[in-house]
K.L.:
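Pasting a structure below so you can have a look.
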Amino acid sequence: MANTNLSNAKRNKKDEFYTQWSDIEKEMNAYIDYDPDVFRNKTILLPCDDPEWSNFTKYFAQNFVNFGLKKLISTSYAQDNKQLKAPVQLSLFEKKSEKYDENKSHANGKVYTLERQDLTGDGKIDIDDLDFDYLKGDGDFRSDEVIELRNEADFVITNPPFSLFREFLSWIMEGKKKFCIIGNQNSITYKDIFPYIMDNKVWLGTSMNGSNRWFTVSDDYEFDPKAKHRIENGQHQIFVNSVVWFTNIEHGRRHEPLSLMTMNDNLRYSKLKSVREDGYPEYDNYDAIEVPNYKAIPDDYTGVMGVPITFLHHYNPAQFKIVGSDAFDGTPPTKIYKNKSKVVNGEKTKSNTGTMGCVIRKKEFGEGTFFDVGYPVKAVYKR
């Protein structure tokens with residue numbers, strides 16, 4: 001299914017989607033369960049964050065003492081640089097601050113800091129103890145002052161703009177930081193991201209799992225006519241498909257072995273009709289067999305298998321080795337088709353077919369999309 005909301009956001013570069021509290025809490029709990037001290041005495045940076053909208057700052061501020069945090073830093077992007085038609089409602093942290101400056105409020109980014117200081121004197125450390133100030137620049141994560149904050153931090157946790165996901169992840173990796181960020185599941189296939197996954201430097205989190213999620217947006221957000229959206233508790237929300245957490249923080253599910261059947265048992269008892277009827281065909285252009293679902297992986301096969309990208313939600317590095325991807329230059333195909341044409345439901349159609357990834361040789365052109373390379377082949381999704 002095409003993700004109209006995400007595509008529209010990328011096109012307009014207006015993709016500040018604010019994450020639901022429950023989604024943040026569920027993911028962070030998995031890291032705490034695996035290692036209760038994972039955040040103890042650590043500094044967390046929340047870039048691309050707006051406390052007046054975002055739940056990230058609120059969540060970590062509320063759990064500041066429970067997690068044993070050393071410092072929490074949250075930064076936001078300048079209002080004048082955002083594509084907003086309506087004025088942004090200022091947070092109480094800014095309006096009540098002696099540092100409030102109307103000009104800087106629009107032109108500068110903002111930084112909110114929480115440390116082990118009870119600024120309000122109420123006997124506890126929470127969101128009311130956030131210290132507010134303006135950044136010198138606009139708060140872009142690529143600016144020198146935000147890079148300096150990144151270098152100070154131990155963790156970077158946020159929901160970055162989808163249009164800048166590749167650049168943002170590279171920015172984190174350059175800083176060699178622990179991180180947990182939200183992105184689209186298809187980002188797995190990007191040539192500048194997949195190598196991190198293959199080298200075991202980045203993996204998927206424990207929740208979302210490529211599912212669909214509601215995100216809060218600003219009141220003036222321009223929805224695509226086809227976008228699914230709603231108003232919930234007075235907030236405008238947008239529906240986004242195939243969302244996942246990308247991280248390099250250890251969690252328990254990553255070390256759980258996947259329970260599998262033998263190839264013979266799969267051929268006889270698999271719940272997948274295609275496996276029972278067609279077995280495990282070899283690709284025409286890769287030296288590997290096709291496995292259409294992670295549940296059908298045969299535990300007694302030691303060769304190379306092509307599996308869907310959703311397999312990564314169940315990937316255990318002690319059980320499997322990722323050797324490549326059909327979308328990654330480091331995995332060259334065994335065959336290049338010089339001439340090919342697209343065939344839809346048995347009829348040739350004019351199309352720029354481009355690269356096809358993994359294809360399976362067929363006996364005849366049938367229903368669906370095929371390619372004619374001198375004989376029928378059918379492409380599968382990214383493997």
K.L.:
Using only atom types and a distance under 3.5 Å, with no angle test, would you say the side chain of Lys58 pairs donor to acceptor with the backbone of Ile127?
P.N.:
no
K.L.:
Taking the side chain as C-beta and beyond, is there a heavy-atom pair between Trp245 and Leu204 under 4.5 Å?
P.N.:
no
K.L.:
Could you walk me through whether Asp372 and Lys348 pass the salt bridge (Lys or Arg N to Asp or Glu O under 4.0 Å) test, one step at a time?
P.N.:
CA-CA 8 Å; Asp372 185 353; Lys348 287 190 176 182; 3.2 Å; yes
K.L.:
In Å and rounded to the nearest 0.5 Å, what is the CD1 to NZ distance from Ile309 to Lys382?
P.N.:
9.5 Å
K.L.:
Drop me the distance from Ser259's OG to His314's NE2, to the nearest 0.5 angstrom.
P.N.:
12.5 Å
K.L.:
Begin from the C-alpha positions of Asn200 and Tyr315 and carry the test side-chain contact (heavy atoms from CB on, under 4.5 Å) through to its verdict.
P.N.:
CA-CA 11 Å; Asn200 212 29; Tyr315 170 57; 4.1 Å; yes
K.L.:
Do Asn264 and Thr262 meet the criterion of a side-chain donor-acceptor pair at a distance under 3.5 Å?
P.N.:
no
K.L.:
Decide if the gap between the ring center of Phe39 and the ring center of Phe155 is smaller than 6.0 angstrom.
P.N.:
yes
K.L.:
Does Ser325 offer a backbone N or O that forms a donor-acceptor pair with the side chain of Thr331 under 3.5 Å?
P.N.:
yes
K.L.:
What about Tyr337 and Phe371, are their ring centers closer than 6.0 Å?
P.N.:
no
K.L.:
Please check this pair: side chain of Thr75 against backbone of Val111, looking for a donor-acceptor N/O pair closer than 3.5 Å.
P.N.:
no
K.L.:
Starting from Val304, can I reach Leu260 by hopping between I/L/V/M/F/W/Y residues whose side chains sit under 4.5 Å apart?
P.N.:
no
K.L.:
Dump the intermediate steps for salt bridge (Lys or Arg N to Asp or Glu O under 4.0 Å) on Glu167 and Arg142, then the final yes or no.
P.N.:
CA-CA 9 Å; Glu167 190 170 357; Arg142 295 159 293 194; 3.1 Å; yes
K.L.:
I'd like to know whether CZ of Arg268 has more than 12 heavy-atom contacts from other residues, nucleotides or ligands below 6.0 angstrom.
P.N.:
no
K.L.:
Could you tell me whether the side chain of Leu267 reaches within less than 4.5 Å of the side chain of Tyr280, counting heavy atoms only?
P.N.:
yes
K.L.:
Heavy atoms, side chains only, cut-off 4.5 Å: are Leu72 and Leu46 in contact?
P.N.:
yes
K.L.:
Let me confirm one number: the OG1-NZ distance from Thr206 to Lys26, rounded to the nearest 0.5 Å.
P.N.:
7.5 Å
K.L.:
Establish, from distance only, whether the side-chain atoms of Thr113 and Asp131 form a donor-acceptor pair under 3.5 Å.
P.N.:
no
K.L.:
Looking only at heavy atoms, what is the nearest atom pair of Tyr286 and Cys358, with distance?
P.N.:
CD1-SG, 3.6 Å
K.L.:
Could you tell me if the ring centre of Phe165 sits under 6.0 Å from that of Phe246?
P.N.:
yes
K.L.:
Could you check whether any side-chain N or O of Thr334 sits under 3.5 Å from a backbone N or O of Asn285, counting only pairs where one atom can act as donor and the other as acceptor?
P.N.:
yes
K.L.:
When you look at CG of Asp144, are more than 12 heavy atoms from neighbouring residues, nucleotides or ligands closer to it than 6.0 Å?
P.N.:
no
K.L.:
Does any donor atom in the side chain of Tyr375 or Asp284 lie under 3.5 Å from an acceptor atom in the other side chain?
P.N.:
yes
K.L.:
Report yes if the side chains of Glu152 and Lys71 come closer than 4.5 Å at any heavy-atom pair, otherwise no.
P.N.:
yes
K.L.:
Could you tell me whether Lys110 and Asp133 have a side-chain N and a carboxylate O separated by less than 4.0 Å?
P.N.:
no
K.L.:
Can you see which heavy atom on Ile193 is nearest to which on Arg166, and at what distance?
P.N.:
CD1-CG, 4.2 Å
K.L.:
Indicate the atoms forming the closest heavy-atom contact of Ala288 with Gly306, along with that distance.
P.N.:
CB-N, 4.3 Å
K.L.:
If Ile, Leu, Val, Met, Phe, Trp and Tyr residues are connected whenever their side-chain heavy atoms lie under 4.5 Å apart, and connections chain through other members, are Ile249 and Ile44 in the same group?
P.N.:
yes
K.L.:
With side chains defined as the heavy atoms from C-beta onward, is the minimum distance between Phe141 and Phe168 less than 4.5 Å?
P.N.:
yes
K.L.:
Under 4.5 Å between any side-chain heavy atoms of Ser22 and Gln20, yes or no?
P.N.:
yes
K.L.:
If you draw a 6.0 Å radius around CG in Asp278, do more than 12 non-hydrogen atoms from other residues or ligands fall strictly inside?
P.N.:
yes
K.L.:
Would you check if the side chain of Arg116 reaches a backbone N or O of Leu69 as a donor-acceptor pair within less than 3.5 Å?
P.N.:
yes
K.L.:
If two hydrophobic side chains count as joined below 4.5 Å and joins carry through other members, does Val359 share a cluster with Tyr283?
P.N.:
no
K.L.:
Of the non-hydrogen atoms in Thr158 and Pro47, which two are nearest, and what is the gap between them?
P.N.:
OG1-O, 2.6 Å
K.L.:
Just checking Asn66: does its CG atom have more than 12 heavy atoms from other residues, nucleotides or ligands closer to it than 6.0 angstrom?
P.N.:
yes
K.L.:
Give a yes or no on whether Lys136 atom NZ has more than 12 heavy-atom contacts from other residues, nucleotides or ligands under 6.0 Å away.
P.N.:
no
K.L.:
Using side-chain contact (heavy atoms from CB on, under 4.5 Å), reason through Glu250 and Trp203 one step at a time and then give a plain yes or no.
P.N.:
CA-CA 9 Å; Glu250 289 290 353; Trp203 47 88; 4.0 Å; yes
K.L.:
Do His313 and Gln185 pair up side chain to side chain, a donor and an acceptor below 3.5 Å, judged on atom types alone?
P.N.:
yes
K.L.:
Using the ring of Phe370 (Phe, Tyr or Trp, six-membered ring only), decide whether Lys378 places NZ or CZ under 6.0 Å from its centre and within 45 degrees of its axis.
P.N.:
yes
K.L.:
Transitively linked via ILVMFWY side-chain contacts under 4.5 Å: Ile297 with Val323?
P.N.:
no
K.L.:
Does the side chain of His251 pick up a donor-acceptor pair with the side chain of Glu27 at under 3.5 Å?
P.N.:
no
K.L.:
Okay, side chain of Asn266, backbone of Met261: is any donor-acceptor separation there less than 3.5 Å?
P.N.:
yes
K.L.:
Without swapping roles, check the side chain of Gln62 against the backbone of Asp126 for a donor-acceptor pair under 3.5 Å.
P.N.:
no
K.L.:
Test side-chain contact (heavy atoms from CB on, under 4.5 Å) on Thr189 and Phe328 and set out the steps.
P.N.:
CA-CA 8 Å; Thr189 66; Phe328 177 45; over 6 Å; no
K.L.:
Do Trp21 and Tyr59 have their ring centres less than 6.0 Å from each other?
P.N.:
yes
K.L.:
To the nearest 0.5 Å, tell me how far Leu169 CG sits from Leu164 CG.
P.N.:
12.5 Å
K.L.:
Taking the side chain as everything from C-beta on, heavy atoms only, tell me whether Arg40 gets closer than 4.5 Å to Lys70.
P.N.:
no
K.L.:
Under a 3.5 Å distance rule, please check whether Asp199 uses its side chain to pair with a backbone N or O of Tyr196 as donor and acceptor.
P.N.:
no
K.L.:
Quick one: closest heavy-atom pair of Val275 and Ala296, and the distance?
P.N.:
CG2-CB, 3.9 Å
K.L.:
A side-chain contact here means heavy atoms from C-beta on lying under 4.5 Å apart; do Leu312 and Ile322 qualify?
P.N.:
yes
K.L.:
Between Asp154 and Asn41, which heavy-atom pair has the shortest distance, and what is it?
P.N.:
OD2-O, 4.4 Å
K.L.:
When hydrophobic residues are tied together by side-chain contacts of less than 4.5 Å, even through go-betweens, does Tyr34 share a cluster with Tyr31?
P.N.:
no
K.L.:
In Å, rounded to the nearest 0.5 Å, how long is the span from CD of Glu282 to CG of Asp287?
P.N.:
7.0 Å
K.L.:
Apply side-chain contact (heavy atoms from CB on, under 4.5 Å) to residues Glu25 and Asn55 and explain how you reach the verdict.
P.N.:
CA-CA 10 Å; Glu25 183 175 50; Asn55 283 314; over 6 Å; no
K.L.:
Before accepting this row, confirm whether a basic side-chain N of the pair Arg383/Asp326 lies closer than 4.0 Å to the acidic partner's carboxylate O.
P.N.:
no
K.L.:
Hey, is the main chain of Phe179 close enough, under 3.5 Å, to the side chain of Thr247 for a donor-acceptor pair?
P.N.:
yes
K.L.:
Pick one: which of Tyr294, Tyr381, Phe320 meets ring pair (Phe, Tyr, Trp, His ring centres under 6.0 Å) with Phe311?
P.N.:
Phe320
K.L.:
Ignoring hydrogens and geometry, is there a side-chain-to-backbone donor-acceptor pair from Asn345 to Gly368 under 3.5 Å?
P.N.:
yes
